[in-house]
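Have a look at the structure below, then the notes.
By convention in this document, chain letters (A, B, ...) are assigned in the order of the sequence lines, proteins followed by strands, and residues within each chain are numbered from 1.
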There are 2 protein chains.
Amino acid sequence: MYDSKDPAGEAWELMFELFKGMKRERMNLAQEYGLSPMQLFAIGSLEPGEEMPMSSLAETLLCDASNVTGIVDRLEARGLLERRAAAHDRRVKLLALTEAGVRLRDEATHRLAIPPPEIAGLSRADQRALRDVLRQAIAQREMKAA
Amino acid sequence: MYDSKDPAGEAWELMFELFKGMKRERMNLAQEYGLSPMQLFAIGSLEPGEEMPMSSLAETLLCDASNVTGIVDRLEARGLLERRAAAHDRRVKLLALTEAGVRLRDEATHRLAIPPPEIAGLSRADQRALRDVLRQAIAQREMKAA
DNA sequence: TATTGTTATACTCTATAACTATA
DNA sequence: TATAGTTATAGAGTATAACAATA
């Protein structure tokens, strides 16, 4: 038995199909909360109970630091997060979710973590096989970094 | 042997890790061509040699039809596509890639189709296993649609 | 009457550059 | 001097509503 085509290429192509569905879902979810997709992503990037400098959020969001000012302004006006002073460096502002922010984040994160029908409908054995190969894939990345 | 956690949920979480890397790659590629991510996505959505109504592109892009006017304006000004009259319905405008558009699209599509190191670094057996499970997953979708 | 694409409007995201206040 | 965050600016994406041409 042989492959008519590169299996890695086909696998990547198929994953892209699933990715498109996720994009739509994220847009719908953001709209439900009255947030833009980027605002929802920002909320999701903050860990409840932890503080993150604005510069770190800019890296996570893959955008310039100047954009974060506006994004954070709007989320702060909505009462979902707050700016706090950093103890050791008065230039730095630390971001932290408010109680309302934590609630929204937990709910949204939970809903986005639910696998789509394409994955949920697989047999348990196929789900485990998929998980195992993906663990391998991500492990490759960590090996390379070291 | 048992699972400490839902395998579908963990698989979905791991796929999300790979998606994040793809987002960065798409942004970098668009910037190389001097296009916005959305403009590159629009170019990639048009099949060389085929025509697509603007309304269809709006559906593919997951945005309102009014946005497509501006996106297409900018791509047309760059000489990457053109508007054509539809024979049967004079309200409709058909979009078609120019020669330059086809060249750019083919090159960008080819580069985006290259699997990331996480997938390329898997053993051939793992790549096939991943492909087979993803074929199953997408087949689920088609079964449901019928 | 309904539909396709456009325009007008208002808001958000985006990068660049200049600025403030710290370090 | 260098860095964290802001502001100013200009361009692009976004939805809504109103519109023209056509069906």
Distance below 4.0 Å between Q31(B) side-chain N/O and dT14(C) OP1 or OP2: no
d(CZ, R91(A); P, dT1(D)) in whole Å: 17 Å
Short side-chain N/O contact from N67(B) to OP1 or OP2 of dA15(D), under 4.0 Å: yes
Nearest-angstrom distance from the residue atom NE2 of H88(B) to P of dT22(D): 15 Å
Rounded distance [0.5 Å steps], CE in M54(A) versus OG1 in T69(A): 4.5 Å
Nucleotide dC13(C), atom P - distance to CG of L62(A) in whole Å: 15 Å
Nucleotide dT14(D), atom P - distance to CZ of F41(B) in whole Å: 10 Å
5'-most by nearest nucleotide on DNA chain D - C63(B) or P53(A): P53(A)
Exceeds 12 heavy-atom contacts within 6.0 angstrom, atom CD of Q31(B): no
Sugar-phosphate only, base, or nothing, as touched by D64(A) at under 4.0 Å among non-hydrogen atoms: base
R74(B) side-chain N/O to dG13(D) phosphate OP1/OP2 under 4.0 Å: yes
Among dA21(C), dA23(D), dG5(C), the nucleotide that comes nearest once only the side chain of K93(B) is considered: dG5(C)
Validation row: L35(B), L104(B) side chains within 4.5 angstrom (heavy atoms): yes
Under-3.5 Å donor-acceptor pair between S66(B) side chain and dT16(D) base: yes
Of Q39(B) and A65(B), the one whose closest DNA chain D nucleotide lies more 5': Q39(B)
Among dT22(C), dT6(D), dG13(D), the one nearest R90(A) by side-chain distance: dT22(C)
Lys/Arg-Asp/Glu bridge criterion (N-O < 4.0 Å) met for R111(A), E25(A): no
side-chain N/O R83(A) vs dT6(D) OP1/OP2, d < 4.0 Å: yes
Heavy-atom side-chain contact between R24(B) and R26(B) under 4.5 Å: no
Length of the line joining I71(B):CD1 and dT14(D):C1', which is rounded to integer Å: 9 Å
S36(A) vs dC13(C): side-chain N/O to OP1/OP2 distance below 4.0 Å: yes
